[in-house]
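First the structure, in the form of structure tokens, and then the observations on it.
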Amino acid sequence: MPEFPEVHTISQDLKKNIVGFKVKNIQISKYYKIPSSVQVGLKELIGKEIQDVDNIAKNIVLKLGENSYLVFHLAMTGRILLREPPDETDNWVKIVLELQKDNKIKHLKFCDMRQFGKVAVLSKNNLDILTSKYGLMPLNETVSMENFLKAIKSKKTTIKNVLLDQKIISGLGNIYATDALFLANINPKTSTQDITPESAKKLLKSIREILNEGIKNRGSTLPDKMYVDIFGNSGSQQDHFRIYLKNICDVCNGKVEFIKINGRGTYFCPTCQPLKTL
DNA sequence: ATGTTTGTTCCGAT
DNA sequence: CATCGGAACAAACA
């Protein structure tokens, strides 16, 4: 679900709206099964002030002190909502942080229908360890085509698979990877070993274009409405999908093919994305 | 009842 | 060792 543009939208909106607030109380749903160590870590946040919010790959990171970071991973169906009381109407609420600044109260809710999401309270050292597990961030301007090509070639698999491997390239999920490959005219089944410097250059440019557009449009909200921003509003990138969910190619009017690669639904146009082998 | 889903991890097979 | 496919986590929907 949330990929980089969605997570980035959430973390930036949180930053604007909760920095300076203190954690007044924390409620954990009794139906939500998390390790007791995490429950203890959460309770230790009471009384601390939110100093900063950012994201590391698809993780949302709240800084509550030099050595105390609250990290959420939303996986498929996680949501972060910021509500002002009274506010009892949200579904699948697992954790509520009651925040206070002066006389203002806000409720930061972590919701998760399928419960594949993760929450953790990490020390600076453990946050650094988490950070080190992620590969290059395509939007980082210091990433060159050479770095990117080297990362791609470090694994022998399909280009689609390597784009989704967070240890190699971080932030892309199924939707944005699918659209970026279409934009770069690369067949998703192409072997990483067959990617040329020219196509790597075009792919990096396409990934940046699609991620920046996703950020500008505040993410993608599919028909199931699972992703919404912290205020409960939908994004609009779904109105600009290049090939994801489509039946007919917008460019050539040919029939879009739908296949599974590593179990993930993959759309591609056989005409615009021919399979090339060296 | 079956198949599908934006993510990640682990296991066994190859 | 590298990689793949499937299962698992759990819930809603068509």
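Each chain gets a letter, A, B and so on, in the order its sequence line appears, and its residues count up from 1.
If you chain together ILVMFWY residues whose side-chain heavy atoms come under 4.5 Å of each other, A/Tyr69 ends up grouped with A/Ile56, A/Val61, A/Val71, A/Leu122, A/Leu127, A/Leu130, A/Tyr134.
As judged by a 4.0 angstrom heavy-atom cut-off over every strand, A/Phe258 is placed among residues touching the sugar-phosphate backbone only. Counting any heavy atom pair closer than 4.0 Å across all strands shown, A/Tyr244 reaches sugar-phosphate atoms only and no base atom. A/Asp112 comes within contact range of no nucleotide atom at all, as no heavy-atom separation falls under 4.0 Å. Nucleic acid contact class of A/Lys118 (heavy atoms, under 4.0 Å, all strands): none.
Inspection of the A/Asn140 and A/Thr142 side chains reveals an N or O donor paired with an N or O acceptor under 3.5 Å. Under 3.5 Å, the side chains of A/Thr131 and A/Asp128 contain no donor-acceptor pair of N or O atoms.
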TODO: Whenever both distances are under 3.5 Å in a Watson-Crick or G-U wobble pair, mark it; put DNA chain B into dot-bracket that way, with [ ] for crossing pairs and | when the partner is on another strand.
DONE: .||||.||||||||
Check the interface with nucleotides 11-14 of chain B: list each N/O to N/O pair with the protein under 3.5 Å, or write none.
none

Shorter than 3.5 Å, N or O on both sides, protein versus nucleotides 12-14 of chain C: list them out with atom names.
none

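C/dA8 and B/dT2: their P atoms are spaced 15 Å apart (whole Å). Straight-line distance between the C1' atoms of C/dA7 and B/dG3: roughly 16 Å, to the nearest whole Å. Atom name P, nucleotides B/dC10 and C/dA10: the rounded distance is 16 Å, in whole Å.
Rounded to an integer number of Å, the gap from OH of A/Tyr32 to P of C/dA11 is 12 Å. Atom CE in A/Met76 sits roughly 5 Å away from atom C1' in B/dT5 (whole-Å rounding). Regarding A/Ile261, its CD1 atom lies at a distance of 16 Å from the P atom of C/dT3, rounded to whole Å. Following rounding to the nearest Å, A/Leu74 (CG) and C/dA10 (P) show an atom-to-atom distance of 18 Å. Whole-Å rounding puts the A/His73 NE2 to B/dT9 P distance at 7 Å. Per the geometry, CG belonging to A/Asn91 stands 19 Å off P belonging to C/dA10, to the nearest Å. With rounding to whole Å, A/Lys94 atom NZ is found 16 Å from C/dC9 atom P. Note: CG (A/Asn59) to P (B/dG7) measures 13 Å, nearest angstrom.
Between A/Lys160 and the choices A/Asn187, A/Asp165, A/Asn174, the side chain to side chain donor-acceptor pair (under 3.5 Å) rule is met once, by A/Asn174.
The two atoms that bring A/Glu66 and A/Lys124 nearest to each other are O-CB, 3.8 Å, heavy atoms only. Heavy-atom minimum distance, A/Ile186 versus A/Ser199: CD1-O, 3.8 Å. Shortest non-hydrogen contact noted between A/Gly235 and A/Tyr227 is N-CE2, 4.3 Å.
Of the candidate nucleotides C/dT3, B/dT4, B/dG7, B/dT4 has the atom lying nearest to any side-chain atom of A/Lys260. The side chain of A/Lys58 lies closest to B/dG7 when the candidates are C/dA10, C/dG5, B/dG7.
Between A/Asn262 and C/dC4 there is no side-chain polar atom (N or O) within less than 4.0 angstrom of OP1 or OP2. Residue A/Thr77 places no side-chain N or O under 4.0 Å from the OP1 or OP2 atom of B/dT5. Between A/Arg114 and B/dT5 there is no side-chain polar atom (N or O) within less than 4.0 angstrom of OP1 or OP2.
Put simply, A/Leu62 and A/Ile95 are part of the same group of oily side chains (I, L, V, M, F, W, Y) that touch within less than 4.5 Å, one to the next.
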TODO: Check the pair A/Tyr176, A/Glu6 against side-chain hydrogen bond (donor to acceptor under 3.5 Å, both in side chains), reporting the backbone distance first and the verdict last.
DONE: CA-CA 11 Å; A/Tyr176 294 93; A/Glu6 290 77 24; 2.7 Å; yes
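The backbone N or O of A/Thr77 lies less than 3.5 Å from no partner atom in the side chain of A/Arg79, so there is not a single donor-acceptor pair. When atom types are taken as modelled, the side chain of A/Lys106 and the backbone of A/Lys101 share no donor-acceptor pair closer than 3.5 angstrom.
Contact of the A/Thr192 side chain with the A/Thr157 side chain is registered, since non-hydrogen atoms from C-beta on lie closer than 4.5 Å. Residues A/Arg208 and A/Leu139 have side chains in contact (heavy-atom distance under 4.5 Å, counting atoms from C-beta outward).
Between the side-chain ring of A/Phe116 and the base of B/dG7, a stacking contact exists by the 5.5 Å and 30° definition.
The stretch residues 160-173 of chain A comes close to DNA chain B through A/Gln166, A/Gly173, each having a heavy atom under 4.0 Å from the strand.
A salt bridge between A/Glu213 and A/Arg242 is present, with a side-chain N of the basic residue lying under 4.0 Å from a carboxylate O of the acidic one.
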Which pairs would a plain distance check flag for residues 26-51 of chain A, meaning a side-chain donor or acceptor within less than 3.5 Å of a matching protein atom at least two apart in sequence or in another chain?
residue, atom, partner, partner atom, Å
A/Ser29, OG, A/Tyr31, N, 3.1
A/Lys43, NZ, A/Ile26, O, 2.9
A/Lys48, NZ, A/Ser68, OG, 3.4

